[in-house]
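See structure below.
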Amino acid sequence: MECVFCSIVDGSLKADFILKMENVVAFKDINPKAPHHILVIPKRHIESIVDFYKYPLEVAQLHEAISEVSKKLDLKSFRVVVNNGPDAGQAVNHLHYHILSGRKLSWPPG
Ligand code: AMP
């Protein structure tokens, strides 16, 4: 089945990019849950965070991208979320980190 985030990576689907790095990209979520809602993804199609440690270059660059996004958008407080598996709300089976900011975020999440 076609992967929507692979289509964003290969350019066949448009996205509002915040950042493009060698192995990672960041773009605005199409259905934002906060004033700032950015997705950071590895270009490589990795389905689950459980396998992410196998790709240390991507792991490091993804965390660098979170830092870059926070600086670029001047985010003072933000939350990083990974939904892993259907019961956690993962709808797209291409690993993605959500960055949420710009409003008071309640805890614990639902
Ligand atoms: P999750 O529920 O953790 O799998 O999150 C998937 C996220 O991808 C949701 O917040 C969607 O709004 C977002 N999304 C789905 N398709 C697109 C797209 N084409 N461009 C940007 N964000 C998308």
Side-chain angles (χ1 to χ4, degrees):
M1 212 171 75
E2 200 164 288
C3 169
V4 64
F5 289 173
C6 285
S7 299
I8 286 175
V9 169
D10 72 23
S12 56
L13 187 64
K14 280 202 185 326
D16 194 350
F17 287 100
I18 303 291
L19 200 69
K20 289 182 181 179
M21 297 172 83
E22 193 184 346
N23 301 299
V24 167
V25 293
F27 52 90
K28 292 185 181 175
D29 195 293
I30 204 169
N31 183 17
K33 306 294 190 298
H36 293 290
H37 188 170
I38 312 302
L39 300 175
V40 189
I41 71 167
K43 290 183 178 175
R44 187 193 294 271
H45 183 88
I46 299 165
E47 298 216 345
S48 167
I49 196 168
V50 170
D51 296 314
F52 199 30
Y53 75 95
K54 296 172 187 167
Y55 307 96
L57 206 66
E58 277 95 338
V59 173
Q61 205 168 91
L62 194 144
H63 285 81
E64 185 184 349
I66 291 170
S67 172
E68 288 301 315
V69 168
S70 75
K71 288 179 204 155
K72 205 165 179 174
L73 300 181
D74 197 25
L75 307 180
K76 302 293 182 219
S77 296
F78 59 92
R79 183 171 293 166
V80 177
V81 174
V82 177
N83 297 321
N84 193 72
D87 282 355
Q90 184 176 9
V92 177
N93 289 324
H94 181 133
L95 175 63
H96 49 284
Y97 283 39
H98 299 256
I99 302 176
L100 297 149
S101 185
R103 66 171 170 83
K104 181 89 175 158
L105 299 165
S106 61
W107 189 261

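One-based numbering, in listed order, for ligands and for the atoms of each. What you are looking at is a predicted structure, and each value in this text was computed from that prediction instead of being measured.
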(request) Indicate the atoms forming the closest heavy-atom contact of Phe52 with Leu95, along with that distance. (result) CG-CD2, 3.4 Å

(request) Looking only at non-hydrogen atoms, find the nearest pair between Asn31 and His37 and report the distance. (result) O-ND1, 4.1 Å

(message) Please check if the number of heavy atoms outside Lys33 that lie under 6.0 Å from its NZ is greater than 12.
(response) yes

Could you list which atoms of ligand 1 come closer than 4.0 Å to a heavy atom of [X]?
X	result
Ala91	1 (P), 2 (O), 4 (O)
Asn31	12 (O)
Leu39	8 (O), 13 (C), 22 (N)
Leu13	19 (N)

(message) I'd like the name of whichever of Gln90, His94, His96, Lys28 reaches closest to atom 5 (O) of ligand 1 through any heavy atom.
(response) His96

(request) Have a look at Leu100, Asp29, Asn83, Ile8 and point out the one with the heavy atom closest to atom 12 (O) of ligand 1. (result) Asp29

(message) Would His37 count as a polar contact of ligand 1, with the cut-off being nitrogen or oxygen pairs under 3.5 Å?
(response) no

(message) Gly89 versus ligand 1: do any nitrogen or oxygen atoms come within less than 3.5 Å of each other?
(response) yes

(request) Please test His98 against His96 for ring pair (Phe, Tyr, Trp, His ring centres under 6.0 Å), starting from the C-alpha separation and ending with a verdict. (result) CA-CA 6 Å; His98 299 256; His96 49 284; 5.1 Å; yes

(message) Among all protein heavy atoms in this structure, tell me which lies nearest to atom 8 (O) of ligand 1, with the distance rounded to 0.1 Å.
(response) Phe5 CZ, 3.5 Å

(message) To check your reading of the model: name the closest protein heavy atom to atom 22 (N) of ligand 1, its residue, and the distance in Å.
(response) Ile30 N, 3.1 Å

(request) Taking atom types as modelled, find out whether His63 and Gln61 have a side-chain donor-acceptor pair closer than 3.5 angstrom. (result) no

Is the closest side-chain heavy-atom distance between [X] and [Y] below 4.5 Å?
X	Y	answer
Val80	Phe78	yes
Pro42	Leu62	yes
Gln90	Val92	no

(request) Under 4.0 Å, heavy atoms only, figure out whether ligand 1 is touched by the backbone of Tyr97, its side chain, both or neither. (result) neither

(request) Record the part of Val81 in heavy-atom contact with ligand 1 below 4.0 Å; permitted values are side chain, backbone, both and neither. (result) neither

